[in-house]
Each structure stands twice: as C-alpha cells, then as structure tokens.
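Okay, structure first, notes after.
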Amino acid sequence: MTDLDPNPFGPDQPCFGCSPDHPIGFHLRFAREGDEVVTRFTPGPQYQGPPGIMHGGLVTTLADEVAAWAVIGLLDRFGFTASIQVRLHRPMRIGVEVEGRGSILRHSSRTATIAVRLSQGGVDALTGELTFAILDQAAAERLLGGPLPEAWRRFSRAST
Ligand SMILES: CCCCCCCCCCCCCC(=O)SCCNC(=O)CCNC(=O)[C@H](O)C(C)(C)COP(=O)(O)OP(=O)(O)OC[C@H]1O[C@@H](n2cnc3c(N)ncnc32)[C@H](O)[C@@H]1OP(=O)(O)O
C-alpha cells in the first residue's frame with residue numbers, strides 16, 4: 001500500500017472531496033493498493049439525509065471522488081466526470097467507516113471508465129461505473145474559464 005500525495009494540485013485547490021482545507025468537505029486521502037485506489041471515511045451527522053443514513057447524493061459524490069482519484073492515482077491524469085451510473089444497495093450508515101475502492105475498467109488517452117465500490121463492514125453499499133473525459137490543457141482551460149494553475153498542467157493529456 002502506497003499513500004498518494006494528498007494535495008498534488010497545490011495550495012488553494014477547492015475540491016469538496018479532497019481539499020485538505022475545505023470547511024465542510026470530505027477531506028479524503030487515498031492510497032494505491034495494487035491496481036486500486038483506496039480511501040477510508042467515516043460520514044458524520046452533517047451528511048445525513050434520512051436520520052442515521054447518509055444522503056444518497058453525497059454517497060454518489062463520495063463515489064465520484066474515489067473514481068476521480070483512480071484516474072489521478074492510477075493514470076496520472078485528471079478527468080472531468082462525464083457519466084455516473086451507480087446502484088445504492090444498502091443504506092450508508094452515519095458514524096460507520098466506509099471503505100472506497102476504485103479501479104480502471106477501460107481507458108484511452110481521452111476517456112477512462114472506473115469501477116467503484118463503497119462498503120461498510122465488508123458489505124457493498126454502492127457499486128458503479130463512472131466515465132471521465134481527459135482533456136488537453138487548452139480544452140481544460142476553456143472548461144474552467146481560465147488558465148490552469150502550474151501544478152495542474154501535468155495532469156492534462158497531450159494535445160493531438
Ligand atoms: C486539471 C486538474 C484540476 C484538479 C483540481 C481539482 C481536484 C480534484 C477534483 C476531483 C473532482 C471530481 C471530478 C469532477 O467533479 S469534474 C466536474 C464535473 N464534471 C463536469 O463539469 C463535466 C461537464 N461536462 C463537460 O464539460 C463535457 O461534457 C465533457 C468535458 C465531459 C466532455 O466534453 P466533450 O464531449 O466536448 O469533450 P470531447 O469531445 O473532447 O470528448 C472527450 C471524450 O469524452 C467522451 N465523452 C464525453 N461525454 C461522455 C459521456 N457522457 N460518456 C462517455 N464518454 C463521454 C467523448 O466521446 C470523447 O471520447 P472519444 O470519442 O474521443 O474517445
């Protein structure tokens with residue numbers, strides 16, 4: 001198991017899932033374990049939908065972040081989420097540790113499709129497939145509406 005750099009995008013990156021400084025975010029950190037990225041996270045009461053159960057949209061946000069980090073940690077690229085297909089098999093309990101795992105199902109230089117599994121106590125709560133578009137620097141800058149900060153540039157694909 002190898003810990004991934006928790007902040008490869010430099011200071012001030014604003015991500016809800018992984019910014020270490022986000023006031024209400026998940027503050028996720030990841031490790032690489034073989035062909036997977038892995039994270040562990042215990043949802044607090046601020047993430048409830050129904051009492052005692054994590055909001056389904058936030059469970060999906062967690063899956064999105066695990067998949068995004070599979071692209072970062074396994075492909076050394078940054079992907080923009082293009083498609084999310086998930087099933088929520090069981091309620092995600094507040095106060096119980098979640099294990100999140102992401103692996104590459106298929107990829108090209110332009111897209112990556114990631115398999116994600118979120119479980120509590122070894123039982124699957126969410127499984128899904130998410131597809132990411134991997135853009136070159138110019139396309140990423142058009143999408144973001146401004147220049148990519150220096151630390152982000154190496155995660156773009158080469159322009160063709
Ligand atoms: C840069 C580093 C920043 C890091 C900082 C933050 C830290 C971490 C944050 C982590 C945050 C978590 C992450 C987030 O929250 S990312 C934020 C949430 N996502 C978005 O806002 C994306 C919104 N959508 C778009 O902007 C466009 O639709 C995109 C960019 C996705 C595609 O636009 P467009 O289509 O114009 O681009 P293209 O023509 O170059 O196509 C490119 C390839 O993509 C393929 N494709 C497209 N759509 C789909 C689809 N639905 N299923 C399957 N494939 C699809 C397409 O066929 C082509 O492949 P190919 O045919 O060439 O093979």
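We count ligands from 1, going down the list as the structure has it; atoms in each ligand are counted the same way. Because only heavy atoms are used, hydrogens play no part in the values below, and waters and symmetry mates are left out as well, while side chains stay in.
Of all atoms in ligand 1, numbered sequentially from 1 with element shown, those under 4.0 Å from a heavy atom of Phe80 are 16 (S). Proximity to Ser83 (heavy-atom distance under 4.0 Å) selects the following atoms of ligand 1: 51 (N), 52 (N).
Checking each of Thr113, Leu75, Ile72, Ile114 against Phe132 for a side chain to side chain contact (heavy atoms under 4.5 Å, CB included) leaves exactly one that passes, namely Ile114.
Looking at atom 61 (O) of ligand 1, its nearest protein heavy atom turns out to be Arg110 NE, 4.8 Å. From the protein, the heavy atom lying nearest to atom 47 (C) of ligand 1 is Ala82 CB, 4.4 Å. Taking atom 24 (N) of ligand 1 as the reference point, the nearest protein heavy-atom neighbour is Thr81 O, 4.6 Å. In terms of protein heavy-atom proximity, atom 26 (O) of ligand 1 is nearest to Leu143 CD1, 3.2 Å. Looking only at protein heavy atoms, the nearest one to atom 37 (O) of ligand 1 is Leu135 CD2, 4.4 Å.
Of the protein's heavy atoms, none falls inside 4.0 Å of atom 21 (O) of ligand 1. In this structure, atom 45 (C) of ligand 1 is in close contact with the protein, since a protein heavy atom lies within 4.0 Å of it. Inside a 4.0 Å radius of atom 15 (O) of ligand 1 there is at least one protein heavy atom.
Here atom 9 (C) of ligand 1 lies nearest to Cys15 when heavy atoms of Cys15, Ala139, Ala133, Ala140 are compared. Which of Leu148, Thr131, Ile134, Thr111 comes nearest to atom 58 (C) of ligand 1 through a heavy atom is settled by distance: it is Thr111.
Residues Gln13 and Asn7 form a side-chain contact, since some pair of their non-hydrogen atoms from C-beta on lies under 4.5 Å apart.
Look at Phe9 and you'll find a heavy atom under 4.0 Å from some atom of ligand 1.
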